[in-house]
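Take a look at the structure set out below.
Below, chains carry the letters A, B, ... as their sequence lines are ordered, and counting in each starts from 1.
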There are 2 protein chains.
Amino acid sequence: MKAPNPNKPTVTAQDVARLAGVSRAVVSRALSNNGSVSPQSRARVEAAARQLGYQVNFLAQGLNRQRSQLIGVVVARLTDPFRSTLVNALLSAIQARGYQALVTEITDEQETGLSLRRFTQFRVSGVVVTSGQPPESIVRECIEHHIPVVGINRAQSGPSMDVVCSDNQAGAMLAASQLCAAGCQSFIWLNYQGSTWAGRVRGEAFRHALTVQGIAPEYLRELQAPQDGYEGGFLAAQHSNLLRPQATTGIFCANALLACGFLDSMRQQGKNAPTDFHLIGFDNTPQTAWESYQLTTIHQQVDELAAKALDCLRERARHPERAAQVIPVAVELVHRRTSPCVTEQTDTL
Amino acid sequence: MKAPNPNKPTVTAQDVARLAGVSRAVVSRALSNNGSVSPQSRARVEAAARQLGYQVNFLAQGLNRQRSQLIGVVVARLTDPFRSTLVNALLSAIQARGYQALVTEITDEQETGLSLRRFTQFRVSGVVVTSGQPPESIVRECIEHHIPVVGINRAQSGPSMDVVCSDNQAGAMLAASQLCAAGCQSFIWLNYQGSTWAGRVRGEAFRHALTVQGIAPEYLRELQAPQDGYEGGFLAAQHSNLLRPQATTGIFCANALLACGFLDSMRQQGKNAPTDFHLIGFDNTPQTAWESYQLTTIHQQVDELAAKALDCLRERARHPERAAQVIPVAVELVHRRTSPCVTEQTDTL
DNA sequence: TTGAAAGCGATACCAT
DNA sequence: ATGGTATCGCTTTCAA
């Protein structure tokens with residue numbers, strides 16, 4: 001058998017039942033508010049539970065219910081400020097709803113599937129994918145086990161996964177309008193090689209938004225950073241000769257880190273925003289608000305993303321068959337120094 | 001009873017046993033490499049398991065073993081770059097050792113205890129506290145349930161919790177030496193009101209280190225930011241008249257965010273490092289390396305902190321009775337622009 | 001309302 | 001080496 005716990009033996013529902021003078025069943029019902037229990041029994045159970053310091057064994061509970069109070073979260077490179085902000089919001093939302101977060105870090109898109117598998121082994125109540133693209137087959141496995149999967153800011157992975165996504169189109173449009181209103185006549189889209197899906201979508205949307213603004217395609221240049229992050233943006237600015245002398249250039253970046261790196265590198269070259277060019281980033285991470293950057297940026301409402309993602313899980317748990325949805329979340333343009341708010345002054349005359 | 005799964009019924013060890021023509025017991029042994037199994041049986045079990053796509057139910061496994069493959073992590077404000085870096089390292093280390101991370105975010109020191117309780121309900125294999133101070137009583141509860149608890153960068157919470165801690169004394173000494181060698185004659189210690197334990201220790205150690213360097217106490221001033229973070233540092237610099245005209249001031253900050261905010265605010269006032277003052281931060285977060293800051297800083301080896309924390313859990317699981325330890329992790333001075341490396345030139349003459 | 005009992009799925013002991 | 005079986009702790013059905 002098992003070695004008896006030499007210290008404090010675990011308190012079980014059985015112990016509570018004994019002390020309260022009722023059966024395990026009553027204890028279970030009383031404590032989980034399921035089924036009917038007389039007020040007196042309930043009181044006695046609660047008293048006994050408190051007295052013994054009883055705590056439900058979630059493993060046993062989950063085993064029986066075939067579902068744990070766990071929600072799986074997949075994330076990559078938590079050191080990226082936007083990701084940590086998002087995960088922070090997710091943790092809050094998850095706990096606010098009475099769940100616990102099971103977090104796995106992936107270093108490679110491939111690992112997403114493995115993470116999902118491990119989540120199912122814990123019978124999680126749902127999965128939130130914030131990085132990586134899970135193979136449709138594995139998502140289906142989850143669905144078959146009645147485990148809803150939702151992605152944040154990613155492409156739909158087949159017809160089984162819901163997605164909550166910041167409105168990249170609107171963001172690109174806001175950026176394009178702002179840059180045009182600010183008088184830019186030449187444009188650059190900055191992204192990195194092997195960008196995420198969201199980054200690519202933003203680029204496409206920016207191109208489209210410029211067209212809508214009446215900008216001819218030849219006035220948009222694409223700049224590929226050799227890598228992601230601050231360093232990528234920094235290098236991108238070094239390795240290219242950006243500015244046409246005649247026209248103010250408006251630059252839109254796939255994310256905040258790229259924008260910060262780009263800006264620093266440009267400054268090192270003696271060029272600054274908004275005098276020499278305009279710059280708008282995506283994400284509105286804390287650093288973009290710092291005095292040294294004051295970056296105009298597209299703000300993502302992370303709390304909203306998190307909340308909608310969890311709502312989505314709940315909904316899908318109820319209606320497993322319903323078609324997968326894409327739920328948009330509004331974005332906002334935050335005016336800061338690298339492309340200041342344009343007042344109506346041009347219309348004054 | 002339970003509603004039968006309408007889709008794919010869960011594959012259990014029983015199913016594998018049936019297909020392999022052996023008993024559940026053999027399946028368990030074969031798959032967990034426990035007990036003895038004939039090579040042939042093993043092969044058949046493995047084949048059957050693969051064929052059926054069998055996955056162990058961790059809930060059942062944990063219930064039986066009285067221990068899950070979970071490790072609890074307590075963290076606050078994940079948006080702080082140092083915290084997210086540390087948690088990132090912890091996640092990697094946890095997964096590298098075959099565990100899964102159960103993460104709880106606390107917004108208040110008080111919640112630490114509640115988090116630990118919930119961890120025990122999942123029969124976690126260990127707990128890592130990176131924020132907050134768990135009440136000694138609850139830590140003891142954990143220990144009594146054979147759940148080791150380790151803190152990172154915090155005070156020992158009674159005799160039951162091990163602690164892994166960056167060497168704040170050494171860090172302060174490195175900072176003091178550097179500032180002195182750079183010619184500073186007047187010093188400021190910048191921290192925020194209600195600082196963490198680590199911050200306070202660094203302050204004390206800095207004071208001591210200056211004494212060792214032969215600096216009289218009256219040349220050290222303490223500056224209290226009204227809050228933590230970038231904003232706190234920014235405000236601290238605004239609300240105080242820092243520099244004596246005669247002597248170069250050396251400033252040491254409790255953390256990186258304070259330092260960045262402080263630096264930006266000083267610049268706004270027309271003062272910059274290292275010309276007008278010297279500045280050294282703690283943590284070496286990614287942003288301190290950015291071109292706009294290039295902050296000289298004390299580097300914490302997060303991977304080392306994470307690795308030692310997990311080693312510690314393992315050790316304590318083996319020896320529950322052993323006295324609690326404090327395990328130091330070395331820090332390094334990273335020379336950057338706000339207090340550049342001092343060459344031997346002063347000795348040349 | 002209540003309690004007895006049948007699981008949930010896996011593990012480890014013990015006898016074979 | 002193998003299989004039967006008790007057990008981990010809780011939930012839920014079912015009959016009383």
Side-chain angles (χ1 to χ4, degrees), chain A residues 1-5 8-18 20-45 48-49 52-69 120-124 145-146, chain B residues 1-5 8-46 48-49 52-69 120-124 145-146:
Chain A
M1 255 331 60
K2 226 123 299 172
N5 190 319
K8 199 158 291 182
T10 316
V11 178
T12 78
Q14 183 63 267
D15 301 322
V16 177
R18 204 163 10 236
V22 295
S23 71
R24 294 202 308 268
V26 173
V27 173
S28 176
R29 283 179 219 137
L31 263 33
S32 58
N33 284 322
N34 261 0
S36 52
V37 180
S38 75
Q40 309 136 40
S41 296
R42 159 158 320 214
R44 309 195 54 181
V45 168
L52 296 174
Y54 171 72
Q55 325 234 123
V56 176
N57 180 328
F58 287 147
L59 262 21
Q61 184 184 71
L63 174 58
N64 184 292
R65 294 199 181 154
Q66 321 233 26
R67 192 101 308 162
S68 66
Q69 320 198 8
T120 67
Q121 296 186 269
F122 276 109
R123 300 292 187 267
V124 298
H145 290 289
H146 299 289
Chain B
M1 256 326 65
K2 226 124 299 176
N5 191 322
K8 200 158 286 180
T10 316
V11 178
T12 78
Q14 183 63 268
D15 302 322
V16 177
R18 206 165 7 239
L19 180 59
V22 296
S23 72
R24 292 198 303 272
V26 173
V27 173
S28 176
R29 283 179 224 136
L31 264 31
S32 58
N33 284 322
N34 260 0
S36 50
V37 180
S38 75
Q40 310 136 38
S41 295
R42 156 152 322 193
R44 311 195 52 181
V45 168
E46 280 166 356
L52 296 174
Y54 171 72
Q55 326 234 122
V56 177
N57 180 327
F58 286 147
L59 262 19
Q61 184 184 69
L63 174 59
N64 186 291
R65 293 198 182 154
Q66 322 234 27
R67 193 100 307 164
S68 66
Q69 319 197 10
T120 66
Q121 296 187 269
F122 275 110
R123 298 293 187 264
V124 298
H145 290 290
H146 300 289

Problem - hbond_proxy A:R123 side chain to C:dG9 base (donor-acceptor, 3.5 Å cutoff) - result: no
Fill in the blank from the handout: 5'-most contact on DNA chain C (nearest-nucleotide basis), B:A25 vs B:N57, goes to B:N57
Exercise for the section: Could you please name the option among D:dT11, D:dC14, D:dG9 that lies closest to any side-chain atom of A:V56? Expected result: D:dT11
Practice task
State which residues pass side-chain contact (heavy atoms from CB on, under 4.5 Å) with A:T12; sequence neighbours excluded, sorted by chain then number.
Solution key: A:Q14, A:D15
Completion exercise
Rounded to whole Å, CG of B:N64 lies from P of C:dT11 at a distance of 7 Å
Completion exercise
Rounded to whole Å, the CG-C1' distance (B:L59 to D:dC8) equals 12 Å
Problem - Angle of first-five versus last-five pair axes in the helix from C:dT1-D:dA16 to C:dT16-D:dA1, to 10 degrees - result: 40°
Problem - Separation of atom CD in B:Q69 from atom P in C:dG9, rounded to whole Å - result: 18 Å
Exercise for the section: Using the test side-chain contact (heavy atoms from CB on, under 4.5 Å), find all partners of A:A48 that sit at least two apart in sequence or belong to another chain. Expected result: A:V16, A:L19, A:A20
Handout entry: Nearest-Å distance for atom pair CZ/P, residues B:R18 and C:dG9
Key = 12 Å
Handout entry: OP1 or OP2 of D:dC8 under 4.0 Å from side-chain N/O of B:Q66
Key = no
Practice task
Write down the distance between CZ (B:R67) and P (C:dA12), rounded to a whole number of angstrom.
Solution key: 14 Å
Exercise for the section: Name the residue closer to the 5' end of DNA chain D, choosing between B:A60 and B:G21 according to the nucleotide with the nearest heavy atom. Expected result: B:G21
Exercise for the section: Working to the nearest 0.5 Å, report the span between CG of A:L63 and CG of B:N64. Expected result: 10.5 Å
Practice task
Take the protein atom CD of B:Q61 and the nucleotide atom P of C:dA10, then report the distance between them rounded to whole Å.
Solution key: 9 Å
Practice task
Report which part of the nucleic acid B:V27 touches: base, sugar-phosphate, or nothing (heavy-atom distance under 4.0 Å, all strands).
Solution key: nothing
Fill in the blank from the handout: What residues 30-45 of chain B contributes to the DNA chain C interface at heavy-atom separation below 4.0 Å is B:N34
Handout entry: side-chain contact (heavy atoms from CB on, under 4.5 Å) between B:R65 and B:R123, worked out
Key = CA-CA 9 Å; B:R65 293 198 182 154; B:R123 298 293 187 264; over 6 Å; no
Exercise for the section: Output the distance between atom CG (B:L31) and atom CD (B:Q55), rounded to the nearest 0.5 Å. Expected result: 11.0 Å
Practice task
Please check the phosphate of C:dA10 (OP1 and OP2 only) for any side-chain N or O of B:R24 closer than 4.0 Å.
Solution key: no
Practice task
Output the single nucleotide from D:dT11, C:dC8, D:dC10 whose closest atom is nearest the side chain of A:L63.
Solution key: C:dC8
Practice task
Just call it for B:Y54: base, sugar-phosphate, or nothing, with non-hydrogen atoms closer than 4.0 Å on any strand.
Solution key: sugar-phosphate
Problem - Selection residues 21-32 of chain A - residue pairs positive for salt bridge (charged side-chain N to carboxylate O under 4.0 Å, His left out), sequence neighbours left out - result: none
Report all side-chain donor-acceptor pairs from residues 33-40 of chain A shorter than 3.5 Å, counting only partners two or more places apart or in another chain.
unit_1	atom_1	unit_2	atom_2	d
A:N33	OD1	A:R42	NH1	2.8
A:S38	OG	A:S41	N	3.1
A:S38	OG	A:S41	OG	2.9

Exercise for the section: Could you tell me which residues satisfy side-chain contact (heavy atoms from CB on, under 4.5 Å) with A:S68, sequence neighbours excluded, listed by chain and number? Expected result: A:L70, B:L59
Handout entry: Short side-chain N/O contact from A:T12 to OP1 or OP2 of D:dG9, under 4.0 Å
Key = no
Practice task
Round to the nearest Å and state the distance from A:F122 atom CZ to C:dA10 atom P.
Solution key: 13 Å
Practice task
Could you tell me which residues satisfy side chain to side chain donor-acceptor pair (under 3.5 Å) with A:Q61, sequence neighbours excluded, listed by chain and number?
Solution key: A:Q69
Handout entry: Rounded interatomic separation in angstrom, taking NE2 from B:H146 and P from D:dC8
Key = 15 Å
Exercise for the section: Tell me what A:A13 touches on the nucleic acid: a base, only sugar-phosphate, or nothing, going by heavy atoms under 4.0 Å. Expected result: sugar-phosphate
Problem - Donor-acceptor pair, side chain of B:Q121 and main chain of A:V56, under 3.5 angstrom - result: yes
